[in-house]
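Ligands are counted one by one from 1 in listed order, and the atoms in each one are counted from 1 as well.
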Amino acid sequence: MPSSGEVHKRRTAAVARGVSSVITSYVDSAAGGHVRDVEGREWIDFASGIAVTTVGNSAPRVVEAIRAQAERFTHTCFMVAPYESYVAVCEQLIALTPGAFEKRAALVNSGAEAVENAVKIARHATGRPAVVVFDHAYHGRTNLTMALTAKNMPYKHRFGPFAPEIYRVPMSYPLRDGGLTGPEAAMRAIDVIDKQVGGPNVAAVLIEPIQGEGGFVVPAPGFLPAIAAWARAASAVLIADEIQTGFCRTGHWFASEHEGIEPDLVTTAKGMGGGLPIAGVTGRADLMDAVHPGGLGGTYGGNPIACAAALAAIDTMRDLDLCAAARGIEQQMLPALRAIAPPGCEVRGRGAMLALEFVQPDGRTPDAARTAAVARACHEAGLLVLTCGTYGNVLRFLPPLVISSADLARGLSIVAAAVEQSH
Ligand SMILES: *Cc1c(COP(=O)(O)O)cnc(C)c1O
């Protein structure tokens, strides 16, 4: 097998520079909470391929489902010759997403594509143009989802012009909005919508119930319900982007459940496929079915191998009670991270979606340099972690939900040593 160094040299000559990687080692295998490179070096996995391998890498049931489906057929295109597993995934999405109302679902390939389709559906169903999004939001890298995303570098820089009719309003960000309560922060956002957009023009309000790339921002209690109530009153579609938060990650099937909100549409991807690319839009039947036949779809959407993997992953989540596992991870990690965090730095998150925001001693000024140094030290010591945040100053933790508590403890001690070294 070629060494990581050899492959890396070939990569530089073959792979576009715009596609970057966190580490320069090349993977040989991964399972449970571990990733192993071609040199036999092991990392504890606090990244899960960005919240994807929730059931663990190469989870046995997922592997068996993929193998069995690959032997039957690999692709017919659901729009040409349909198959049962696509229907079964939609039934699972309908059963698991919040809200007991009648729903429909549609399957696509990626998170960005799910968000694009949710916006298409909301605009079509309402006949309105405007989409409201929030500061620090991340919704993907396609043209529309870049427009929906807040952060310029690296996602948007020189990639415009962007899609029109996107309006950005302030998020509830307890560390950074001067102690506004959830309802106060919602009033601030709603005032901008009312004055600058106008409720009757709003097709959709699109929000991550806990922000992902934007910094694992957990809005103050009451923020999401107030936004949901405004959307309902304005007959605007509330779209919850649960692509990172969904499928047990935060200790519930969906993060919307923590605040008891029932979004009209929910976008899902990442964890739902057990590592295969699959995504969905699920929501109110009247909205979903407003679109004419042929208006939604795509060549690969709900590919049969990805559907088989998703059904096996969802079964695994249910059988192993991975929502409870996520709450257990929170119980073990939160106190440890609070003990590790330097004075003024904030530890936050839910379930196995936790973060440490690094600030200067003033308790406010972002410390991106320290965050990068801590992440680098973790990688060198054998722990895969990711950073995020508008200011690049948030270290985020997304372990697979099947990780052992011994591996969690080992990973946490690596974080502790890296933070200790970093000042
Ligand atoms: C990752 C992510 C997306 C985009 O998903 P892709 O599969 O990378 O296109 C959209 N929204 C949120 C909240 C995400 O975390």
Side-chain angles (χ1 to χ4, degrees), residues 18-22 47-54 97 106-120 122 131-151 154-156 159 163 166 168 171 173 204-219 224 238-250 253-256 258 263 265-283 298 300-303 306 309-310 313 349-355 386-390 394 396-398:
V19 184
S20 62
S21 303
V22 171
S48 299
I50 319 188
V52 168
T53 51
T54 297
T97 49
L107 303 181
V108 290
N109 303 293
S110 69
E113 212 186 335
V115 173
E116 292 250 357
N117 277 280
V119 170
K120 274 169 70 170
V131 179
V132 171
V133 290
F134 291 82
D135 283 334
H136 314 289
Y138 180 85
H139 298 292
R141 294 174 180 269
T142 58
N143 186 264
L144 175 62
T145 58
M146 275 193 293
L148 300 167
T149 291
K151 192 177 178 178
Y155 309 122
K156 302 169 73 168
F159 294 141
I166 312 292
R168 193 168 306 285
M171 178 66 183
Y173 191 156
V205 177
L206 168 63
I207 189 162
E208 300 154 87
I210 298 175
Q211 290 183 320
E213 309 304 300
F216 280 28
V217 178
V218 185
L224 292 170
L238 180 68
I239 307 172
D241 182 347
E242 293 251 20
I243 287 166
Q244 193 155 162
T245 49
F247 287 98
C248 301
R249 177 54 57 187
T250 69
W253 281 96
F254 292 95
S256 296
H258 293 286
L265 300 177
V266 177
T267 56
T268 55
K270 294 203 164 96
M272 82 179 273
L276 267 72
I278 186 167
V281 185
T282 310
Y300 293 112
N303 167 274
R350 291 190 200 275
M353 184 173 181
L354 302 173
L386 304 172
T387 60
C388 64
T390 297
V394 179
R396 58 169 153 169
F397 307 102
L398 292 163

Original post:
Side chains of Glu213 and Ile50: closer than 4.5 Å at any heavy-atom pair?
Top reply: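 Side chain of Glu213 against side chain of Ile50, heavy atoms only: contact under 4.5 Å found.
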
Subject >> pair Thr54-Phe247: side-chain heavy atoms closer than 4.5 Å >> reply: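 No, too far: nothing below the 4.5 Å cut-off.
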
Original post:
With sequence neighbours left out, what residues match Ala147 under side chain to side chain contact (heavy atoms under 4.5 Å, CB included)?
Top reply: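 Only Phe162, Ala163, Ile166 meet the side chain to side chain contact (heavy atoms under 4.5 Å, CB included) criterion with Ala147.
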
Original post:
Under 4.0 Å between a Lys/Arg side-chain N and an Asp/Glu carboxylate O for Lys120 and Glu113?
Top reply: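 Judged by the 4.0 Å cut-off on N to carboxylate O distance, Lys120 and Glu113 do not form a salt bridge.
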
Below 3.5 Å only, please: the N or O atoms of ligand 1 paired with protein N or O atoms, distance on each line.
| from | atom 1 | to | atom 2 | distance (Å) |
| --- | --- | --- | --- | --- |
| ligand 1 | 7 (O) | Gly111 | N | 2.7 |
| ligand 1 | 9 (O) | Gly111 | N | 3.4 |
| ligand 1 | 9 (O) | Ala112 | N | 2.8 |
| ligand 1 | 11 (N) | Tyr138 | O | 3.4 |
| ligand 1 | 11 (N) | Asp241 | OD1 | 3.4 |
| ligand 1 | 11 (N) | Asp241 | OD2 | 2.7 |
| ligand 1 | 15 (O) | Gln244 | NE2 | 2.8 |
| ligand 1 | 15 (O) | Lys270 | NZ | 2.6 |

Subject >> Distance-only side-chain donor-acceptor flag, Ser256 / Glu242, under 3.5 Å >> reply: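 Looking only at side-chain atoms, Glu242 and Ser256 do form a donor-acceptor pair, the distance falling under 3.5 Å.
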
Original post:
Has the side chain of Thr390 got a donor or acceptor atom that lies under 3.5 Å from a matching backbone atom of His136?
Top reply: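 No; zero donor-acceptor contacts below 3.5 Å.
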
